[in-house]
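Just so it is clear, the values below take in all heavy atoms, side chains as well, and ignore hydrogens, waters and symmetry mates.
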Amino acid sequence: MLSTLLTFLGACTLIAASPGPSTVLIIRQSLLSRRAGFLTVLGNETGVFVWGAVAAFGLTALLAASETAYDVLRVVGAVVLVVFGAQALWHARHADGPVAQEGGRPGRSGWASYRSGLLINLANPKAAIFAMSFLPQFVPPGAPHLPAMLGLAALWAVYEIGYYSVYVWGVARMRTVLSRAGVRRRLEQVSGGVLLLLGARLALEG
């Protein structure tokens, strides 16, 4: 059991370390404030657990089997990525203003940060299919399937909260450098461009 858990956590580390839209968004939100970054992490990991629970109940098999359902979710995910990318590029044009204080830009609530993380995960059909193929590999032989899958999904989400919190902490530590207008503008441009490219790629996938 211990060996299985260690292998599972090692796989979770490799997954979290792979660059993707969630990583880009978490880093970008962490540029606003530590609070915004952490709430984005919580939202993203809520999505991880939701997809894990859906996989545990066998519902992602329906998504994998239905080309129409998959394509709808794929298009929605592409739109979400494009919107986030466009927002980042818009903020890049206004990066010469005052640096956001702890709590994010004026008018940006904690719910907005949490929602951003949740949306970018739930709108990704690949995350759903991956959860369905990933989690069953680590269910111990003879263990009840549903409780084991839910437990693994919860562990996956909690582990990634700790992992991505290191990103949030690291960005906060470099806040003095990253708060410079020129640096913030370039980071917003890069994150916006990456999100737009990821959205375009998702939209064009067959």
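- The shortest side-chain heavy-atom distance between Tyr70 and Ile129 falls under the 4.5 Å cut-off.
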**OP:** Give the C-alpha distance, both sets of side-chain angles, the deciding distance and a yes or no for side-chain contact (heavy atoms from CB on, under 4.5 Å) between Leu195 and Val82.
**Re:** CA-CA 6 Å; Leu195 289 170; Val82 168; over 6 Å; no

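- The shortest heavy-atom contact between Thr23 and Ser18 is OG1-O, 3.9 Å.
- Linking ILVMFWY residues whenever their side-chain heavy atoms come closer than 4.5 Å, directly or via other members, leaves Leu89 and Leu198 in distinct clusters.
- Cluster membership check: Ile161 shares its hydrophobic cluster with Trp111, using side-chain heavy-atom separations under 4.5 Å among Ile, Leu, Val, Met, Phe, Trp and Tyr.
- Gln29 approaches Ser113 most closely through the heavy-atom pair NE2-OG, 3.6 Å.
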**OP:** Please assess Tyr159 against Thr13 for the test side chain to side chain donor-acceptor pair (under 3.5 Å), listing each intermediate value before the final yes or no.
**Re:** CA-CA 8 Å; Tyr159 180 79; Thr13 302; 2.3 Å; yes

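- Gly192 and Ala88 make their closest contact through CA-CB, 3.5 Å (heavy atoms, listed as atom of the first residue, atom of the second, distance).
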Subject >> side chain to side chain donor-acceptor pair (under 3.5 Å) evaluation trace for Tyr164 with Thr40 >> reply: CA-CA 10 Å; Tyr164 284 124; Thr40 304; over 6 Å; no

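- Residues Leu118 and Asn44 form no side-chain contact, since every pair of their non-hydrogen atoms from C-beta on lies 4.5 Å or further apart.
- With contacts defined as side-chain heavy-atom distances shorter than 4.5 Å, the pair Leu9/Leu155 qualifies.
- Under a 3.5 Å cut-off, the side chain of Arg34 and the backbone N or O of Trp169 do not form any donor-acceptor pair.
- In this structure, Leu150 and Ala56 approach most closely via the heavy-atom pair CD2-CB, 4.0 Å.
- Here NE2 of His145 is found 9.0 Å from CG of Leu135. Values are rounded to the nearest 0.5 Å.
- In this structure, Met149 and Pro136 have side chains that are in contact, with non-hydrogen atoms separated by less than 4.5 Å.
- Ser191 is not listed as a side-chain neighbour of Ile27, based on a closest heavy-atom distance of 4.5 Å or more.
- Under a hydrophobic clustering in which Ile, Leu, Val, Met, Phe, Trp and Tyr are joined whenever their side-chain heavy atoms come within less than 4.5 Å, directly or via other members, Ile26 and Phe84 fall into different clusters.
- Trp51 contributes a side-chain N or O that, together with a main-chain N or O of Asn121, makes up a donor-acceptor pair within less than 3.5 Å.
- Between Glu160 and Ile15, some side-chain heavy-atom pair lies under the 4.5 Å cut-off.
- Of the candidates Tyr163, Phe49, Phe134, Phe138, Phe134 is the only one forming a ring pair (Phe, Tyr, Trp, His ring centres under 6.0 Å) with Trp156.
- Side-chain atoms of Leu196 and Leu81, non-hydrogen and from C-beta on, never get closer than 4.5 Å to each other.
- In this structure, CE in Met174 is found 10.0 Å from OG in Ser30, a value given to the nearest 0.5 Å.
- In the hydrophobic clustering of this structure, Val24 does not group with Leu31; members are Ile, Leu, Val, Met, Phe, Trp, Tyr whose side-chain heavy atoms approach within less than 4.5 Å, directly or through other members.
- There is a path of hydrophobic side-chain contacts, each under 4.5 Å, that joins Leu5 to Val139.
- Residue Ala148 comes nearest to Ala143 through the heavy atom pair CB-CB, 4.4 Å, listed as atom of the first residue, atom of the second, then distance.
- Residues Ser22 and Ile120 approach most closely at OG-CG2, 3.8 Å, considering heavy atoms.
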